[in-house]
Amino acid sequence: MSALGRLRDRWLPRSIVARMSLVLFVGILIAQTLGAALWARQVANDERKRLVEVSENLGARVGQTLQFFNRLPDQYRHVVLDQLRDMGGTRFFVSVNRQLIDLNQLPTTDRAELSKQVIATQLQAQTGPLNDLSLQLVAFEQLKILSGNNLMVDLPLRWKRFALVNPGDQSPVVVIQHRLNAGEWIYVAAVLPVGEAIQGSQWLTPERLWSLTLVSLTVLALTTALVRWIVGPLRLLARQADALGRGQTPALIVEQGSREMVSTIRAFNVMGLRIHKFIADRERLFASISHDLKTPLTRARLRAEMLPPEQGEPLIRDLGNLDVMVKGALQMMKEGAIHENPEPVELKSLLSQCLQSATVAGVPSSLICDPALVIQGRRLALERVFSNLIDNAVHYGRSIDVNVRPAAGAIELNFKDRGPGIPDALKSKVFDPYFRAQHSPSTIHVGLGMGIVRSLVQQHGGTIELSDRTGGGLVVRLLLPLSHFDTNRNVEAHPAP
């Protein structure tokens with residue numbers, strides 16, 4: 001597996017539901033974010049276009065106002081201003097001041113500069129080039145008028161005729177001041193009714209963030225429910241496949257789900273029935289052959305005993321070995337084909353029971369196992385496995401030490417003795433039928449025990465391996481996984497050292 005694959009499996013959730021939900025949730029967030037970004041870009045373009053249009057219109061109107069007052073004789077300016085104020089609040093506030101009023105401008109932004117540039121262009125298109133021109137954007141609350149010491153918002157009610165119409169939002173005020181002559185400045189203030197365009201709209205507002213989150217969570221919930229519904233038959237199929245791999249009789253699965261899933265379940269049901277029938281037929285055939293061999297072997301032994309000793313004894317010896325092999329075959333069929341249902345098995349209790357044979361034989365033994373360690377398995381089959389390994393250690397190693405500890409998703413059992421051990425070249429052959437490293441077949445050990453042990457361990461989904469023990473001896477290591485469909489609370493409670 002590549003480094004990328006290992007990293008992906010390490011950080012991604014294990015289940016297909018969690019993985020698909022996570023991928024879809026991230027995809028939804030990305031899609032929502034990109035959609036919101038595109039929408040914000042479109043809104044920004046629309047706001048910019050609107051800002052330019054409003055600024056052009058305002059600049060043209062202010063330019064006409066300046067052109068009017070520039071052409072108006074000095075003695076009529078105040079008369080016209082009084083007439084304008086008597087009309088009440090207007091969109092423009094116009095006054096003639098003795099000096100340039102110093103104002104607090106809004107912070108400079110690209111849009112503010114664009115608006116000022118457009119207004120100045122349209123203004124001078126009406127009046128021609130102007131000297132001593134000041135153009136500023138001011139917040140309505142900071143707008144000063146007349147002498148420069150008066151805020152528009154602080155005017156008393158009776159002076160309401162001086163006031164502009166309060167926009168009631170963040171729209172700025174455009175203030176244009178132009179020198180008319182040596183002692184007079186014309187002052188024009190107008191609300192620029194595109195405050196959100198000047199400030200720039202915030203597309204990731206709390207309301208939009210809540211909407212984005214709720215939509216994503218809703219789609220995630222629906223997606224999770226859909227994926228669970230789709231993979232439900234797949235989970236059942238995996239359970240039955242696991243049971244079939246552990247040697248249990250397969251149960252027919254109800255054909256449900258999508259068309260592809262129904263086809264898969266139907267094929268699995270047929271395969272399970274065929275495998276079960278094949279194994280059952282093989283067991284019956286092998287048991288029948290082994291049983292039927294006993295009668296001709298007995299006849300051949302009787303006839304061999306009637307022969308002269310120099311001819312009969314070698315034949316009797318060969319027939320005895322053959323008889324041992326037949327009995328071993330029957331034993332293997334009996335012990336290797338254990339049909340029972342899985343159940344929770346307390347390992348310490350079962351191992352203590354199996355170690356009693358070492359105590360009776362007077363062989364030193366020890367057991368290290370947490371009483372809380374429980375595995376889902378077939379009790380009789382596990383008892384055969386442990387008993388065979390302990391009996392071998394007692395017979396060949398004259399001692400047995402059993403150490404049980406949790407591993408990642410499994411239970412590790414180590415059976416250690418202080419015997420002569422097994423050469424590395426022969427370790428893989430120990431599991432072959434009738435193989436015995438240094439002994440010929442006998443009525444006690446016929447060389448089938450380790451084969452039976454490996455078969456039963458594999459039926460539990462486990463593995464078995466042999467290694468040398470430090471200081472002399474043999475170590476038989478079993479790794480029995482917990483069921484894929486049970487919680488790993490025992491392993492989590494007892495982490496591997």
Discussion item. For a quick check under 3.5 Å, do S366 and D401 share a side-chain donor-acceptor pair by atom type?
Written reply: yes

Discussion item. Just verifying a value: how many Å separate E346 CD and R379 CZ, rounded to the nearest 0.5 Å?
Written reply: 8.0 Å

Worksheet item: With sequence neighbours left out, what residues match K427 under side-chain hydrogen bond (donor to acceptor under 3.5 Å, both in side chains)?
Response: D424, D468

Worksheet item: Can you find a heavy atom in the side chain of L466 that is under 4.5 Å from one in the side chain of M450?
Response: yes

Fill in: Side-chain ion pair, R477 and E412, N-O less than 4.0 Å
yes

Item to complete: May I ask you to test the F431-I452 pair for a side-chain heavy-atom distance under 4.5 Å?
Response: no

Worksheet item: Can you check whether T264 reaches L237 side chain to side chain, under 4.5 Å on heavy atoms?
Response: yes

Discussion item. Less than 4.5 Å apart, side chain to side chain, heavy atoms only: is that true for L478 and L389?
Written reply: yes

Item to complete: First locate atom CD of E383, then atom CG of L351, and finally report the distance between them rounded to the nearest 0.5 Å.
Response: 10.5 Å

Discussion item. Quick check for you: to the nearest 0.5 Å, what is the distance between F386 atom CZ and L355 atom CG?
Written reply: 10.5 Å

Worksheet item: What are the two closest heavy atoms between N403 and K416, and how far apart are they?
Response: ND2-NZ, 4.5 Å

Discussion item. Under a 3.5 Å threshold, yes or no: a donor from one side chain and an acceptor from the other, between E47 and N45?
Written reply: no

Worksheet item: CG/L413 to CG/L347 distance, rounded to the nearest 0.5 angstrom?
Response: 6.0 Å

Item to complete: Would you indicate whether the side-chain heavy atoms of P406 and L373 approach each other to under 4.5 Å?
Response: yes

Worksheet entry | Heavy-atom side-chain contact between L51 and L192 under 4.5 Å | yes

Fill in: D370 CG to K348 NZ distance, which is reported to the nearest 0.5 Å
7.5 Å

Worksheet item: Side chains of N57 and E53: do they bring a donor and an acceptor to under 3.5 Å?
Response: no

Worksheet item: Got a second to check how far S115's OG is from D110's CG, nearest 0.5 Å?
Response: 12.5 Å

Item to complete: Determine whether more than 12 heavy atoms belonging to other residues, nucleotides or ligands lie under 6.0 Å from atom CZ of R266.
Response: yes

Practice prompt. Answer whether the closest heavy-atom distance between the side chains of K116 and E113 falls below 4.5 Å.
Written response: yes

